[in-house]
> 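Questions regarding the structure given below will be posed in turn.
Excluded from the calculations below are hydrogen atoms, water molecules and symmetry mates; all remaining heavy atoms, backbone and side chain alike, are included. Along the sequence shown, residues are numbered consecutively beginning with 1.
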Amino acid sequence: MLSDVEITGTLTFTGELSFDGQLHGGDIIGEVLIIGPKAKINGNIQAASLVLHGTVQGDVLVTGRCELKGSASLVGSLTTNRLAMDEGATLIGKAEITPDAKHRAAQQKPR
């Protein structure tokens with residue numbers, strides 16, 4: 001999704017999604033998520049894999065690998081199984097790196 005896309009509400013997907021737009025007042029829930037450098041997310045993220053280049057204000061739960069690239073800014077809590085963080089990336093909040101992330105995701109799945 002390109003940078004001119006603006007979504008209010010929750011976005012749920014399967015497979016891989018590259019998102020470079022804006023999301024307000026909702027969550028992004030899916031499998032493989034790539035957040036582009038122009039993206040601004042004001043909500044929570046739950047994914048199996050995440051590559052973050054843009055800005056997120058909210059809580060992030062990644063059951064697999066989470067990559068915070070040099071342009072990434074995350075304000076909120078991060079729970080993940082594995083974390084790779086480039087120089088220049090910003091994380092303001094609590095980070096929990098635990099193999100228990102998959103169990104937590106199963107507990108938080110929407111019904």
Side-chain angles (χ1 to χ4, degrees):
M1 294 189 168
L2 300 175
S3 60
D4 59 350
V5 173
E6 187 170 333
I7 296 174
T8 301
T10 297
L11 175 62
T12 304
F13 68 96
T14 57
E16 182 175 315
L17 175 67
S18 292
F19 187 85
D20 207 16
Q22 296 184 35
L23 182 124
H24 307 282
D27 301 334
I28 299 179
I29 301 167
E31 295 172 6
V32 178
L33 179 60
I34 301 166
I35 303 289
K38 295 180 182 176
K40 292 186 175 143
I41 311 297
N42 190 351
N44 301 324
I45 293 176
Q46 184 175 325
S49 172
L50 173 67
V51 178
L52 178 62
H53 295 271
T55 302
V56 175
Q57 285 192 314
D59 296 333
V60 176
L61 174 61
V62 181
T63 57
R65 180 180 169 92
C66 178
E67 295 181 53
L68 301 181
K69 297 299 188 179
S71 58
S73 174
L74 172 58
V75 179
S77 69
L78 170 64
T79 303
T80 186
N81 193 355
R82 294 176 300 171
L83 176 64
M85 190 168 174
D86 289 353
E87 184 175 342
T90 302
L91 171 60
I92 300 172
K94 179 179 94 169
E96 185 176 357
I97 300 149
T98 174
D100 197 33
K102 288 183 182 179
H103 177 69
R104 290 183 188 203
Q107 290 177 332
Q108 294 181 4
K109 281 202 177 198
R111 298 169 204 240

> How long is the gap from CG on Leu61 to CD on Gln46, to the nearest 0.5 Å?
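Between Leu61 CG and Gln46 CD, I get 5.0 Å after rounding to 0.5 Å.
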
> How long is the straight-line distance from OG1 of Thr8 back to CD of Gln22, given to the nearest 0.5 Å?
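If we round to the nearest 0.5 Å, Gln22:CD and Thr8:OG1 are 9.5 Å apart.
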
> Please find the pair of heavy atoms, one from His53 and one from Gly36, that lie closest to each other, and give the distance.
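For His53 and Gly36, the tightest heavy-atom pair comes out as CB-C, 3.7 Å.
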
> What side chain to side chain donor-acceptor pair (under 3.5 Å) pairs are there with at least one residue in residues 82-91, not counting sequence neighbours?
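Counting only pairs at least two positions apart or across chains, no side chain to side chain donor-acceptor pair (under 3.5 Å) contact touches residues 82-91.
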
> If you group Ile, Leu, Val, Met, Phe, Trp and Tyr by side-chain heavy-atom gaps below 4.5 Å, do Ile97 and Leu74 land in one group?
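Yes, because Ile97 and Leu74 connect within a single hydrophobic cluster, where side-chain heavy atoms sit under 4.5 Å apart.
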
> Looking at every non-hydrogen atom in both residues, tell me the closest pair between Phe19 and Ile7 and how far apart they are.
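Scanning both residues, the minimum pair turns out to be CE1-CD1, 3.9 Å.
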
> Not counting sequence neighbours, list each pair that qualifies as a salt bridge (charged side-chain N to carboxylate O under 4.0 Å, His left out) and has a residue in residues 50-76.
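The answer is Arg65-Glu67, Glu67-Lys69.
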
> When clusters are formed by joining ILVMFWY residues with side-chain heavy atoms under 4.5 Å apart, either directly or through shared neighbours, do Leu17 and Val51 land in the same one?
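Leu17 and Val51: separate clusters.
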
> Determine which pairs satisfy salt bridge (charged side-chain N to carboxylate O under 4.0 Å, His left out) with at least one residue from residues 24-40, sequence neighbours left out, and list them in order.
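Checked against salt bridge (charged side-chain N to carboxylate O under 4.0 Å, His left out) - neighbours excluded - no pair reaches residues 24-40.
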
> Using atom types as modelled and distance alone, determine if a side-chain donor or acceptor of Thr80 lies under 3.5 Å from a backbone N or O of Gly64.
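Judged by distance alone, yes, a pair lies under 3.5 Å.
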
> Between Leu33 and Met85, is there shared hydrophobic-cluster membership here, with clusters defined by ILVMFWY side-chain heavy atoms closer than 4.5 Å?
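Both belong to a single hydrophobic cluster.
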
> Does any non-hydrogen side-chain atom of Leu52 lie less than 4.5 Å from one of Ile45?
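They are not in side-chain contact.
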
> With the 4.5 Å side-chain cut-off for hydrophobic clustering, are Val62 and Leu83 part of the same group?
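Shared cluster, yes.
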
> Going from CG on Asp4 to CG on Asp20, what distance comes out if it is rounded to the nearest 0.5 angstrom?
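The CG atom of Asp20 is 9.5 Å from CG of Asp4, to the nearest 0.5 Å.
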
> Out of curiosity, Ser73 OG to Leu68 CG, how far, rounded to the nearest 0.5 Å?
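Reported value, rounded in 0.5 Å steps: 9.5 Å.
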
> Give, for atom CG of Leu91 and atom SG of Cys66, the distance between the pair rounded to the nearest 0.5 Å.
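The CG atom of Leu91 sits 9.0 Å away from the SG atom of Cys66.
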
> I need the Asn42 CG to Gln57 CD distance, nearest 0.5 Å.
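Reported to 0.5 Å precision, the distance equals 5.5 Å.
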
> Taking side chain to side chain contact (heavy atoms under 4.5 Å, CB included) as the criterion, tell me which of Val60, Ile41, Val56 meets it with Ile28.
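Going through the options one by one, the only one that passes is Ile41.
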
